[in-house]
Amino acid sequence: MHKGRVAGLYTHGMANIATRQPVTATTMYEIDSIQKVMTAVMVMRQIRAGKLRMTTTLHRFFPKAPNSRGITIRQLLDMTSGLTYPKDFRPAPYHDDLGVVNHAVAEAKQTATGNGTWHYSGLNFVLLSGILIKLTGQTYAQLFATTFSTPLHLTHTRFAYETPTADMATGYHFVPATQRPGRPFVTGAALAHAELGTGQVYMDVADLYRVEAAIQTKLLTPAEKQTLFTPGSVSTYGGGLYHRTVDAANGYGYGFQSHMRISHNGQDAVIVMNNSAMGKPLLSATVQLTQMYLP
């Protein structure tokens, strides 16, 4: 994107190998962790409404979480809470969104480094999603629709647990030896729901840009944007994005790999989406495109 318009669009390959469904401009990919900034924006809007503060502690909502009295909303947003999942974590059968969060709370562990040190874990944003649900009485999907899908007129956005459609890409294991996609990545409803607020949305490139540009320009006031996007550690991570010369987010999981880079004014962006996660080569290509096309 350049000055808010499409400067270049390239598609290649198959959205689904078995059906020979080709990739098109409207193919939806799972964006994984790129979703986190959207959850962060919804949290910021609750702060705007006076229902929450950055200094509010986790104890108010989930007192059984480890160190709940010492963990704030700010730390969850910046991933400096010290909370993470155990290595053997398994999602529970899905009943409702709060059930997902309560199961995550019961399984949560404090890292050895503890509160205040940056430690990347999706658990932080699952907890933030639970807080949103408790504050509003709405499901995460309902909040997402009223914040993003409806006002921004998103047409190619779906949740991973919804019935698949032909324009949703299938994620594939990547085979380094052949540099080709291998078998499809199989996930279940429980796993898709367990990624609550942290990596469970499919989007095409146009919808993703529309949301990211709106976050930069109109969904937050300049003061809110400054508050949310002030990094909480040397990682430069704050509120779901890495903040460097441009704002950045990366999504990895379930056979997908996506990268988003956007200017602070929302006018220029590079978005790369792939359904056979190849790791460093795709990240390197994104870095090169960013250096070429973003100011």
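No experiment lies behind these values; they were computed from the predicted model shown.
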Return yes if a side-chain donor-acceptor contact under 3.5 Å exists between [X] and [Y], otherwise no.
X: Tyr94; Y: Asp97; result: yes
X: Ser33; Y: Lys36; result: yes
X: Asp207; Y: His156; result: no
X: Thr80; Y: Asp78; result: no
X: Asp247; Y: Gln216; result: yes
X: Thr19; Y: Asn16; result: yes

Taking all atoms of both residues into account, what is the closest heavy-atom pair of [X] and [Y], and its distance?
X: Phe125; Y: Leu77; answer: CZ-O, 3.7 Å
X: Thr72; Y: Met54; answer: CB-O, 3.5 Å
X: Gly197; Y: Ser129; answer: CA-OG, 3.3 Å
X: Pro66; Y: Leu83; answer: O-CD2, 3.7 Å
X: Ala269; Y: Ile262; answer: CB-CG1, 3.9 Å
X: His2; Y: Ala7; answer: CB-CB, 3.9 Å

Is there side-chain contact between [X] and [Y], with heavy atoms separated by less than 4.5 Å?
X: Leu52; Y: Ile73; value: yes
X: Asn274; Y: Ser276; value: yes
X: Thr139; Y: Leu143; value: no
X: Phe148; Y: Leu154; value: yes
X: Val126; Y: Tyr140; value: no
X: Thr227; Y: Met44; value: yes
X: His259; Y: Ile271; value: no
X: Glu212; Y: Ile215; value: yes

Around [X], counting heavy atoms of other residues, nucleotides and ligands shown, do more than 12 lie under 6.0 Å from its [atom1]?
X: Gln179; atom1: CD; value: yes
X: Phe159; atom1: CZ; value: yes
X: Lys134; atom1: NZ; value: yes
X: Arg48; atom1: CZ; value: yes

Exam field: side chain [X] to backbone [Y], donor-acceptor pair closer than 3.5 Å:
X: His264; Y: His243; result: no
X: Gln110; Y: Ser81; result: yes
X: Gln200; Y: Ala160; result: no
X: Thr27; Y: Val23; result: no
X: Thr56; Y: Arg53; result: yes
X: Gln226; Y: Ala223; result: no
X: Gln46; Y: Val43; result: no
X: His59; Y: Ile71; result: no
X: Thr198; Y: Glu195; result: no
X: Thr150; Y: Thr146; result: no

Open item on the list: Going by the rule salt bridge (Lys or Arg N to Asp or Glu O under 4.0 Å), which residues pair with Arg60 if we only count those two or more places apart in sequence or in a different chain?
Closed with: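 Listed in chain order: nothing, the list is empty.
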
TODO: Just jot down the salt bridge (Lys or Arg N to Asp or Glu O under 4.0 Å) partners of Asp32, sequence neighbours excluded, or say none.
DONE: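 Salt bridge (Lys or Arg N to Asp or Glu O under 4.0 Å) check on Asp32 returns nothing, list empty.
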
Do [X] and [Y] belong together in a cluster built from hydrophobic side chains that touch within less than 4.5 Å?
X: Tyr161; Y: Phe144; result: yes
X: Leu9; Y: Tyr209; result: yes
X: Leu98; Y: Val105; result: yes
X: Leu135; Y: Leu219; result: yes
X: Ile47; Y: Met38; result: yes

Once you round to the nearest 0.5 Å, how far does [atom1] of [X] lie from [atom2] of [Y]?
X: Leu289; Y: Arg261; atom1: CG; atom2: CZ; answer: 10.5 Å
X: Gln288; Y: Tyr293; atom1: CD; atom2: OH; answer: 11.0 Å
X: Arg180; Y: Tyr172; atom1: CZ; atom2: OH; answer: 11.5 Å
X: Met168; Y: Tyr29; atom1: CE; atom2: OH; answer: 12.5 Å

Task: Verdict with supporting geometry, Thr57 and Arg69, side chain to side chain donor-acceptor pair (under 3.5 Å) - done: CA-CA 6 Å; Thr57 66; Arg69 292 185 185 276; over 6 Å; no

Open item on the list: Could you go through Thr290 and Thr245, starting from their C-alpha distance and side-chain angles, then the distance that decides it, and tell me whether this counts as side chain to side chain contact (heavy atoms under 4.5 Å, CB included)?
Closed with: CA-CA 10 Å; Thr290 301; Thr245 306; over 6 Å; no

Task: Phe89 six-ring face occupied by Lys109 cation (under 6.0 Å, within 45°) - done: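 Output no; distance or angle outside limits.
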
TODO: With Asp204 as reference, evaluate Thr26, Thr157, Ile31, Thr24 under the side-chain contact (heavy atoms from CB on, under 4.5 Å) test and give the passing residue.
DONE: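 The residue from Thr26, Thr157, Ile31, Thr24 that satisfies side-chain contact (heavy atoms from CB on, under 4.5 Å) with Asp204 turns out to be Thr26.
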
Task: The single option from Leu208, Asp167, Asn275 passing side-chain contact (heavy atoms from CB on, under 4.5 Å) against Met28 - done: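 Testing each of Leu208, Asp167, Asn275 against Met28, the sole residue satisfying side-chain contact (heavy atoms from CB on, under 4.5 Å) is Asp167.
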
Open item on the list: Let's go through Tyr120 and Thr84 carefully: what are the C-alpha distance in whole Å and the side-chain angles of both, what is the deciding distance for side chain to side chain donor-acceptor pair (under 3.5 Å) to 0.1 Å, and is it a yes or a no?
Closed with: CA-CA 8 Å; Tyr120 192 96; Thr84 191; over 6 Å; no

- [ ] Please test Met273 against Val205 for side chain to side chain contact (heavy atoms under 4.5 Å, CB included), starting from the C-alpha separation and ending with a verdict.
- [x] CA-CA 8 Å; Met273 308 177 88; Val205 288; 3.3 Å; yes

- [ ] May I ask you to check whether Tyr202 and Phe256 place their ring centers less than 6.0 Å from one another?
- [x]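 Yes, close enough.
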
Task: Centroid-centroid distance, Tyr254 to His173, less than 6.0 Å - done: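 No, the ring of Tyr254 stays outside the 6.0 Å limit from the ring of His173, centre to centre.
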
Open item on the list: Would Ile17 and Met14 count as a side chain to side chain contact (heavy atoms under 4.5 Å, CB included) here? Give the steps.
Closed with: CA-CA 6 Å; Ile17 295 173; Met14 293 288 167; 4.1 Å; yes

TODO: Kindly determine whether Ser68 and Phe62 satisfy side chain to side chain contact (heavy atoms under 4.5 Å, CB included), including the steps that lead there.
DONE: CA-CA 7 Å; Ser68 64; Phe62 297 103; over 6 Å; no

